Amino acid sequence: MFCDKMAYLWSCAMLLVNLILGVTDGLNVSYPTCVIGAGYSGLGAARYLKEYGVDFKVLEATRHVGGTWRFDPHVGSDEDGLPLFTSMYKNLRTNTPRQTMEYSGFPFPEDTPSYPTSTCFYRYLKNFTKEFDFEKHIQFRSLVTDVKWAGGHWNVTYHRTDTRVNQTEPCGFLIIASGEYRKPVMPKFIGQDTFRGTVIHSHDYKDPETYRGRRVLLVGAGASGLDLATHLSNVTAKLVHSHHLAYNQPYFGPNYVKKPDILSFTTDGVVFKDDSFEEIDDVIFCTGYDYEHSFLDKSCGITATSKFLLPLYQHMVNIRYPSMVFIGVPKKVINRVLDAQGQYAAALAAKKFELPSGQAMLRAWLDNAYKLQAKGMTMIDINVIGDEMDNYFATLSKEAGVVRAPPVLSTIRDFNAKNRLEDLLNYRDYDYKLLDDKHYERLYNLRKNHTCPIED
Ligand SMILES: Cc1cc2nc3c(=O)[nH]c(=O)nc-3n(C[C@H](O)[C@H](O)[C@H](O)COP(=O)(O)OP(=O)(O)OC[C@H]3O[C@@H](n4cnc5c(N)ncnc54)[C@H](O)[C@@H]3O)c2cc1C
Ligand SMILES: *[C@@H]1O[C@H](CO)[C@@H](O)[C@H](O)[C@H]1NC(C)=O
Ligand SMILES: *[C@@H]1O[C@H](CO)[C@@H](O)[C@H](O)[C@H]1NC(C)=O
Ligand SMILES: *[C@@H]1O[C@H](CO)[C@@H](O)[C@H](O)[C@H]1NC(C)=O
Ligand SMILES: *[C@@H]1O[C@H](CO)[C@@H](O)[C@H](O)[C@H]1NC(C)=O
Ligand SMILES: *[C@@H]1O[C@H](CO)[C@@H](O)[C@H](O)[C@H]1NC(C)=O
Ligand SMILES: *[C@@H]1O[C@H](CO)[C@@H](O)[C@H](O)[C@H]1NC(C)=O
């Protein structure tokens, strides 16, 4: 058929876009802009929506702002019976310098260490919400369950945990900021059903005390796996760490054992691929998160899988219906990208700039796809920004007047990512100071004082 031939890919894509384009006409501007989620991303967008005088409303599932930065002692479901969205645990300190995480023009107090605790970051988010005074726009206890294209606007259906009623809200413009680190990836191994110990995902991990004196298996060496290794190695009777990351492994103490990948479970332990066996009481899978956008109806025109979303212009805009914008989808970026995306989304909602035509947006999307392909990446990487991050900031600034994040932030990101793997136990003992747009200095933090200067 016509669309099967690679040579016709372009014409075919154009045809599809042309078919869709007419439908986006006749937006009903009298409907408000809606934001799903009041975490870092949704709050950032709210600040700009207010600044630009847009009529808006934030729908937040929980009773709280802050998203994943709020520690919740509940496991599994929260105080209102909703699945727990936050993945926060005790003693967490950021693994990236705060300078890469701050909202534009809203720095932490100067005496805040560069790697603050999650408690401090949560206070920062609450303080931000108060300073910009938009809490009255947030409707709490409203879990969005369905988003439909209703021909000219979005029908956003949500469940209220206070009244137990389901309501549908028409939204002229929709910003989706529901978080991308909340649906655990849970692997399954041979014999796992017969294992008599406990098995959780790091999403449900809360407190090292749970593991005092126990024989614990950590699986994975991503951000969570490495962090939990440092939190648990001096508490557990034995800490077995199964992963295949090549990094400068620090000395975790005499009770730490590194293992290759898991082969199978027995009733009381785990066999690894080198045929070695360890008796285990508790397993924590630090195996990452899947995307979760099950509230998107087919009519939204978005292909949403557990690993990628498409097609999105600038990693944000729904190309078929550009009155839908996602924040937080890009991978391998600093938090400041989410702030820039919030400003872009708000500027679009406020009609401060015009998007290119559907064809041009699709072309840009395909250009990026081909570029990734040339680098040996696959469709799973379609939302990766990575090394293109500084260009991305520049592009958003040029297109939509977004405050340009200085290149020094990308430099710090690169250094921190490397340094974390070289000096895992000590990389947070330094503070960063921005000298100008391109340069920073990194100083040993003699204070060893992690008090948070922001009041609760
Ligand atoms: C444990 C952990 C540590 C991290 N540490 C760092 C770090 O050190 N540095 C860094 O740069 N990044 C870090 N991150 C990444 C982190 O995700 C971002 O910092 C940031 O919190 C993303 O904000 P968000 O608003 O996009 O998502 P979230 O913080 O997840 O907020 C999403 C909000 O949407 C709400 N919501 C979700 N679904 C619905 C729905 N259907 N209806 C209504 N509301 C909904 C949730 O309740 C939540 O309030 C970490 C992530 C985790 C999980
Ligand atoms: C636009 O919105 C207004 C008020 O919300 C409504 O009365 C009107 O019917 C809508 N028009 C269209 C074309 O949907
Ligand atoms: C959108 O919601 C309104 C009000 O609930 C309803 O009348 C309309 O049929 C819905 N449209 C679609 C496409 O579901
Ligand atoms: C509300 O929506 C939820 C989720 O879609 C559904 O399970 C529930 O039955 C609905 N409740 C009512 C009262 O309609
Ligand atoms: C274990 O190590 C962590 C990280 O270095 C430290 O914060 C914690 O206080 C230590 N706990 C104990 C019981 O020594
Ligand atoms: C830690 O820092 C805070 C704020 O900078 C200061 O008020 C406090 O006295 C310091 N505490 C110690 C033990 O140095
Ligand atoms: C935010 O925090 C700063 C620093 O602690 C403080 O001066 C300010 O009053 C706080 N703002 C609000 C609204 O609480």
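Ligands are counted one by one from 1 in listed order, and the atoms in each one are counted from 1 as well. Remember, it's a predicted structure, so these values are computed and weren't measured experimentally.
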(request) Return yes or no for this condition: an N or O of Thr68 is under 3.5 Å from an N or O of ligand 1. (result) yes

(request) Below 4.0 angstrom from a heavy atom of Leu59, which ligand 1 atoms are there? Numbered from 1 as shown, please. (result) 43 (C), 44 (N)

(message) Measuring only between side-chain heavy atoms, which start at C-beta, is Thr230 closer than 4.5 Å to Phe252?
(response) yes

(request) Please answer whether the main-chain N or O of Arg420 pairs with a side-chain N or O of Tyr247 as donor and acceptor at a distance below 3.5 Å. (result) no

(request) Tell me, please, whether Tyr115 has Arg93 positioned over its six-membered ring: NZ or CZ under 6.0 Å from the ring centre and within 45 degrees of its axis? (result) no

(request) Would you please classify the geometry between the Tyr289 ring and the His201 ring as parallel, tilted or perpendicular, with 30° and 60° separating the classes? (result) perpendicular

(message) Heavy-atom pairs closer than 4.0 Å: do any link ligand 1 to the side chain of Glu180, the backbone, both, or neither?
(response) neither

(message) For a side chain to side chain donor-acceptor pair (under 3.5 Å) check, start with the C-alpha distance between Tyr344 and Glu399, then their side-chain angles and the critical distance, and finish with the verdict.
(response) CA-CA 9 Å; Tyr344 184 100; Glu399 184 180 4; 3.1 Å; yes

(request) For Ala61, take its heavy atoms, then give the atoms of ligand 1 lying under 4.0 Å from any of them. (result) 43 (C), 44 (N), 45 (C)

(message) Is there a polar contact between ligand 1 and Gly328, counting only N or O atoms under 3.5 Å apart?
(response) no

(message) With heavy-atom distances below 4.0 Å as the criterion, list the atoms of ligand 1 near Tyr181.
(response) 17 (O), 53 (C)

(message) Under the rule for ring-ring contact (aromatic ring centres under 6.0 Å, His included), what residues qualify as partners of Tyr89, not counting sequence neighbours?
(response) Tyr205, His231

(request) Flag the pair Tyr440 / Pro97 as yes when at least one side-chain heavy-atom distance between them is below 4.5 Å, and no otherwise. (result) no

(request) Could you name the protein residues that come within less than 4.0 Å of ligand 4, counting only heavy atoms, and order them by chain and residue number? (result) Asn166

(message) Give me the nearest non-hydrogen protein atom to atom 9 (N) of ligand 1 as residue plus atom name, then the distance to 0.1 Å.
(response) Thr96 OG1, 2.8 Å

(request) Of the side chain and backbone of Ile36, name the one, both, or neither that has a heavy atom under 4.0 Å from an atom of ligand 1. (result) side chain

(message) Can you tell me which portion of Arg182 lies within the under-4.0 Å heavy-atom range of ligand 1? Options are side chain, backbone, both, or neither.
(response) side chain

(message) Taking 4.0 angstrom as the limit and counting only heavy atoms of Ser142, give me the atoms of ligand 1 inside it, by number and element.
(response) 42 (N), 43 (C)

(request) Hey, can you tell me if Tyr432 and Phe415 have their rings parallel, tilted or perpendicular (30° and 60° cut-offs)? (result) perpendicular

(request) Check the pair Tyr40 / Tyr103 against ring-ring contact (aromatic ring centres under 6.0 Å, His included), numbers first and verdict last. (result) CA-CA 9 Å; Tyr40 179 96; Tyr103 291 114; 4.2 Å; yes

(message) For atom 31 (O) of ligand 1, which of the options Ala38, Gly66, Gly42, Gly39 provides the nearest non-hydrogen atom?
(response) Gly39

(message) Quick check: Trp69 and ligand 1, any N/O pair under 3.5 Å apart?
(response) yes

(request) Report yes or no: is the cationic atom of Lys206 (NZ for Lys, CZ for Arg) under 6.0 Å from the centre of the six-membered ring of Phe71, at an angle within 45° of the ring normal? (result) yes

(message) Check this for me - ligand 3, Asn155, N or O atoms closer than 3.5 angstrom, yes or no?
(response) yes

(message) Looking at ligand 1, would Ile334 count as a contact under a 4.0 Å heavy-atom criterion?
(response) no

(message) Counting only nitrogen or oxygen atoms and a 3.5 angstrom limit, does Tyr40 reach ligand 1?
(response) yes

(request) Answer whether the closest heavy-atom distance between the side chains of Ile302 and Phe326 falls below 4.5 Å. (result) yes

(request) Run the numbers for me: atoms of ligand 1, each under 4.0 Å from some heavy atom of Met101, listed by number. (result) 7 (C), 9 (N), 10 (C), 11 (O)

(message) Check this for me - ligand 1, Ser41, N or O atoms closer than 3.5 angstrom, yes or no?
(response) yes

(request) Before signing off on this row, confirm whether Met88 and ligand 1 have an N or O atom pair separated by under 3.5 Å. (result) no

(message) For a 4.5 angstrom cut-off between non-hydrogen side-chain atoms, does Thr157 reach Phe295?
(response) no

(request) Verify whether the ring centers belonging to Tyr124 and Phe106 lie closer than 6.0 Å. (result) yes

(message) Using a 3.5 Å distance criterion without hydrogens, assess whether the side chain of Arg413 forms a donor-acceptor pair with backbone atoms of Gly386.
(response) yes

(request) Looking only at protein heavy atoms, identify the closest one to atom 30 (O) of ligand 1 and say how far it is in Å. (result) Gly179 CA, 3.5 Å

(message) Students often mix this up, so state it plainly: with edges at 30° and 60°, are the rings of Phe132 and Phe128 parallel, tilted or perpendicular?
(response) tilted

(request) Mark yes when over 12 heavy atoms from residues, nucleotides or ligands other than Lys258 sit less than 6.0 Å from its NZ; otherwise mark no. (result) yes

(request) Could you pull out all residues at least two apart from Tyr122 that satisfy ring-ring contact (aromatic ring centres under 6.0 Å, His included)? (result) none

(request) Could you list the atoms of ligand 1 found under 4.0 angstrom from a heavy atom of Gly67? (result) 29 (O), 31 (O), 48 (C), 49 (O)

(request) With sequence neighbours excluded, tell me which residues meet ring-ring contact (aromatic ring centres under 6.0 Å, His included) with Tyr392. (result) His315

(message) Can you confirm, on distance only, whether ligand 1 has an N/O atom lying under 3.5 Å from any N/O atom belonging to Glu60?
(response) yes

(request) Can you pull out the closest protein heavy atom to atom 18 (C) of ligand 1? Residue, atom name and distance to 0.1 Å, please. (result) Asn335 OD1, 3.5 Å

(request) If you have a sec, work out which protein heavy atom is nearest atom 42 (N) of ligand 1 and how many Å separate them, to one decimal? (result) Val144 N, 2.9 Å

(request) Would you please classify the geometry between the His293 ring and the Tyr291 ring as parallel, tilted or perpendicular, with 30° and 60° separating the classes? (result) perpendicular

(message) Applying a heavy-atom cut-off of 4.0 Å, say which part of Ala223 lies close to ligand 1: side chain, backbone, both or neither.
(response) neither

(message) Among all the protein's non-hydrogen atoms, which is closest to atom 22 (C) of ligand 1, and how far away is it?
(response) Leu338 CD1, 3.9 Å

(message) Give me the nearest non-hydrogen protein atom to atom 36 (N) of ligand 1 as residue plus atom name, then the distance to 0.1 Å.
(response) Ser178 O, 4.0 Å

(request) Check the pair Gln343 / Tyr52 against side chain to side chain donor-acceptor pair (under 3.5 Å), numbers first and verdict last. (result) CA-CA 10 Å; Gln343 189 174 9; Tyr52 296 158; 3.0 Å; yes

(request) Among all protein heavy atoms, pick the one closest to atom 3 (C) of ligand 1 and tell me residue, atom and distance. (result) Leu92 CD1, 3.9 Å

(message) Within the 4.0 Å heavy-atom shell around Thr94, which atoms of ligand 1 are there?
(response) 8 (O)

(message) Can you tell me which portion of Ser224 lies within the under-4.0 Å heavy-atom range of ligand 1? Options are side chain, backbone, both, or neither.
(response) neither

(request) Report yes if Asn95 has an N/O atom closer than 3.5 Å to an N/O atom of ligand 1; otherwise report no. (result) yes

(request) Check whether any side-chain heavy atom of Pro406 sits under 4.5 Å from a side-chain heavy atom of Lys438, and report yes or no. (result) no

(message) If we only consider heavy atoms of Ser202, is any one of them less than 4.0 Å away from an atom in ligand 1?
(response) no

(message) For atom 34 (O) of ligand 1, what is the closest protein heavy atom, and at what distance to 0.1 Å?
(response) Gly37 CA, 3.2 Å

(request) Go through ligand 1 atom by atom and flag the ones less than 4.0 Å from a non-hydrogen atom of Thr62. (result) 47 (O)

(message) Can you confirm, on distance only, whether ligand 1 has an N/O atom lying under 3.5 Å from any N/O atom belonging to Ser87?
(response) no

(message) Under 4.0 Å between a side-chain nitrogen and a carboxylate oxygen: does that hold for Arg141 and Asp162?
(response) no

(message) Can you name the atoms of ligand 3, numbered from 1 with element, that are less than 4.0 Å from a heavy atom of Lys148?
(response) 14 (O)

(request) Please examine the side chains of Arg428 and Asn95, heavy atoms only from C-beta on, and report whether any two atoms are closer than 4.5 Å. (result) yes

